[in-house]
K.L.:
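Structure provided below as structure tokens; questions to follow.
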Protein chains: 2
Amino acid sequence: MRSWLLDYDPDQCNIAAALSIVGEKWTFLVLREAFNGVRRFDDMQRRTGAPRQVLSNRLARLVDEGLLHKVPYREPGQRPRSEYRLTEKGIDLFPVIVALMTWGDKYASEASGPPVVLTHRDCGAHVELELTCADGHVLNSARDVTPKPGPGARRVA
Amino acid sequence: MRSWLLDYDPDQCNIAAALSIVGEKWTFLVLREAFNGVRRFDDMQRRTGAPRQVLSNRLARLVDEGLLHKVPYREPGQRPRSEYRLTEKGIDLFPVIVALMTWGDKYASEASGPPVVLTHRDCGAHVELELTCADGHVLNSARDVTPKPGPGARRVA
DNA sequence: AAGGCTAAGTCTACTTGACAGACTTAGCAA
DNA sequence: TTGCTAAGTCTGTCAAGTAGACTTAGCCTT
């Protein structure tokens, strides 16, 4: 099979665009902790294990790109500091994190089972990602998906 | 909010484990092309833009980790070569790719719209990722999800 | 059999990024 | 005024990524 996609320009792919923002080594771990409710530099540093400078750069980058925003806070008897909170743009990356975690649980998990499970806040039931189509079908595999050129597709010269 | 997760060991996180396999710079682009049906070294190289040696290393790594497998083929009048095909383990990463693409389409897309759309092979309708819970609710946001310690959770010393 | 072509790499020199560990700064506290 | 802590920055070192030239194996033509 030689895909029709070979005729289209891979440079415009939004996966590459997304990766240019979140594809750096520590970024996902920072986001993971952000979703876990970690907001402070030091907690981040301890939990991700990222070198402080790298963490500093990544946080700044994520703030720059609008995935996190800085909120000043002040503990009693302390100077004012900043904490980092997810914006909508950041929160919208949640499915990526969930997908990675699901895959990791399936293929890289220790025998004892996953260390973290996601539950529905309202009913407590397990949360999962599903591939569905607009007609309401649930797809079981990537094999049920056909990629097609979208409105922004551009042929290669 | 200081999350209970601070008491648990981040090192065992399966996101990190997943990233240690697929978190390198070019890996997702290689997988993207694999899902697009690209199987041959040269097509991969042209479409991802990865330097040949890097591509060579990534493909070898992905084969090593069992996400791709090599299948020999032979074009008429050519010597035998290998093509790279996704295994089940590789195919199971599809949700990650879809999630990245969806996010990229929303936040990094050019005005003209997404270059690629995913459709259900059987009915042709748009394919999307949904967060659902085991009770059948569809969740609209990461805010509706509560992470909890799973069976494999381990407290930090 | 000599020369040429192509796929799939390897090799080399250069550049960028990651890293540990020391240093800096601002505010509070004794 | 000295010390302490959070949240960084600075510095020198070392690993990884990169472009582009080079290599190897098989096949084809003459």
Side-chain angles (χ1 to χ4, degrees), chain A residues 1-3 6 10-11 16 19-34 37-65 68-85, chain B residues 1-3 6 10-11 16 19-34 37-65 68-85:
Chain A
M1 166 177 59
R2 312 217 106 203
S3 166
L6 289 177
D11 285 346
L19 288 174
S20 75
I21 299 175
V22 297
E24 286 167 303
K25 185 172 178 187
W26 295 98
T27 306
F28 273 114
L29 297 183
V30 170
L31 290 170
R32 174 193 74 187
E33 296 305 327
V38 174
R39 293 177 172 173
R40 299 183 182 183
F41 190 92
D42 214 47
D43 289 336
M44 280 281 180
Q45 210 261 311
R46 191 155 28 79
R47 289 189 59 78
T48 60
R52 298 178 77 78
Q53 181 161 12
V54 173
L55 179 58
S56 173
N57 289 343
R58 290 300 163 273
L59 288 172
R61 178 86 202 279
L62 290 172
V63 168
D64 251 28
E65 298 286 348
L68 298 176
H69 63 132
K70 290 170 86 157
V71 178
Y73 72 95
R74 179 169 209 160
E75 295 274 304
Q78 300 291 309
R79 74 161 167 150
R81 302 178 195 289
S82 296
E83 56 180 31
Y84 298 85
R85 299 196 194 172
Chain B
M1 167 179 55
R2 313 218 106 203
S3 166
L6 289 177
D11 285 346
L19 288 174
S20 75
I21 299 175
V22 297
E24 284 166 306
K25 186 172 178 186
W26 294 98
T27 306
F28 273 114
L29 297 183
V30 170
L31 290 170
R32 175 194 73 188
E33 295 305 326
V38 174
R39 293 176 172 175
R40 299 182 182 184
F41 190 92
D42 213 47
D43 289 336
M44 278 281 180
Q45 209 259 310
R46 194 155 27 80
R47 289 189 58 80
T48 60
R52 297 176 79 79
Q53 182 163 7
V54 173
L55 179 57
S56 174
N57 289 343
R58 290 302 162 270
L59 287 172
R61 179 84 201 281
L62 289 171
V63 169
D64 251 28
E65 298 287 349
L68 298 177
H69 63 132
K70 289 169 88 158
V71 178
Y73 73 95
R74 178 170 208 161
E75 295 275 305
Q78 299 289 311
R79 71 167 168 146
R81 304 176 194 290
S82 295
E83 55 180 32
Y84 299 86
R85 299 197 195 173

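First the proteins, then the strands, lettered A, B, ... as listed; each starts at 1.
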K.L.:
Whole Å only: how far is the CD atom of B:Gln45 from the C1' atom of C:dA7?
P.N.:
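Nearest whole value for this atom pair: 11 Å.
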K.L.:
Does D:dA7 have OP1 or OP2 sitting under 4.0 Å from an N or O in the side chain of A:Ser56?
P.N.:
no
K.L.:
Just how far, in rounded Å, is P of D:dT5 from CZ of A:Arg40?
P.N.:
17 Å
K.L.:
Using the side chain to side chain contact (heavy atoms under 4.5 Å, CB included) criterion, which residues pair with B:Lys70? Sequence neighbours excluded.
P.N.:
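Partners of B:Lys70 by the side chain to side chain contact (heavy atoms under 4.5 Å, CB included) criterion, ordered by chain and then number, come out as B:Val63, B:Ser82, B:Tyr84.
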K.L.:
Provide, to the nearest angstrom, the distance between the CZ atom belonging to A:Phe41 and the P atom belonging to D:dT9.
P.N.:
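Atom-to-atom, A:Phe41 to D:dT9, this comes out as 8 Å.
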K.L.:
Using the test side chain to side chain contact (heavy atoms under 4.5 Å, CB included), find all partners of A:Val22 that sit at least two apart in sequence or belong to another chain.
P.N.:
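With sequence neighbours excluded, A:Val22 shows a side chain to side chain contact (heavy atoms under 4.5 Å, CB included) to A:Thr27, A:Phe28, A:Leu31, A:Leu67, A:Leu93, B:Leu100, given in chain and number order.
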K.L.:
Within this structure, what is the CZ-to-P distance between B:Arg46 and C:dT6, rounded to whole angstrom?
P.N.:
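Nearest whole value for this atom pair: 14 Å.
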K.L.:
Give the rounded distance in Å between these two atoms: CZ of A:Arg39 and P of D:dA7.
P.N.:
14 Å
K.L.:
Please enumerate all residues that pass salt bridge (Lys or Arg N to Asp or Glu O under 4.0 Å) together with A:Glu83, with sequence neighbours excluded.
P.N.:
A:Arg39, A:Arg40, A:Arg85
K.L.:
Supply the atom-to-atom distance A:Leu62 CG to A:Leu68 CG, rounded to the nearest 0.5 angstrom.
P.N.:
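So the gap between those two atoms works out to 5.0 Å.
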K.L.:
Take nucleotides 16-27 of chain C nucleotide by nucleotide from the 5' end and write B, S or -, depending on whether a protein heavy atom sits under 4.0 Å from the base, only from the sugar-phosphate, or from neither.
P.N.:
--SSB-----SS
K.L.:
Please name all residues satisfying salt bridge (Lys or Arg N to Asp or Glu O under 4.0 Å) with B:Glu65, sequence neighbours left out, ordered by chain then number.
P.N.:
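If we apply the salt bridge (Lys or Arg N to Asp or Glu O under 4.0 Å) test to B:Glu65, skipping adjacent residues, the hits are B:Arg61.
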K.L.:
Compare side-chain N and O positions of A:Tyr84 against OP1 and OP2 of D:dA7 and report whether any pair is under 4.0 Å apart.
P.N.:
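Checking D:dA7 against A:Tyr84, no side-chain N or O comes under 4.0 Å of OP1 or OP2.
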K.L.:
Taking only the side-chain nitrogens and oxygens of A:Tyr73, find out if one of them lies under 4.0 Å from OP1 or OP2 of D:dA6.
P.N.:
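Indeed not, no polar side-chain atom of A:Tyr73 lies that close.
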K.L.:
Heavy-atom distance under 4.5 Å between the side chains of B:Asp42 and B:Arg52, does that happen here?
P.N.:
yes
K.L.:
Return the value, rounded to whole Å, for the distance between atom CE of B:Met44 and atom C1' of C:dA7.
P.N.:
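It works out to 15 Å between those atoms.
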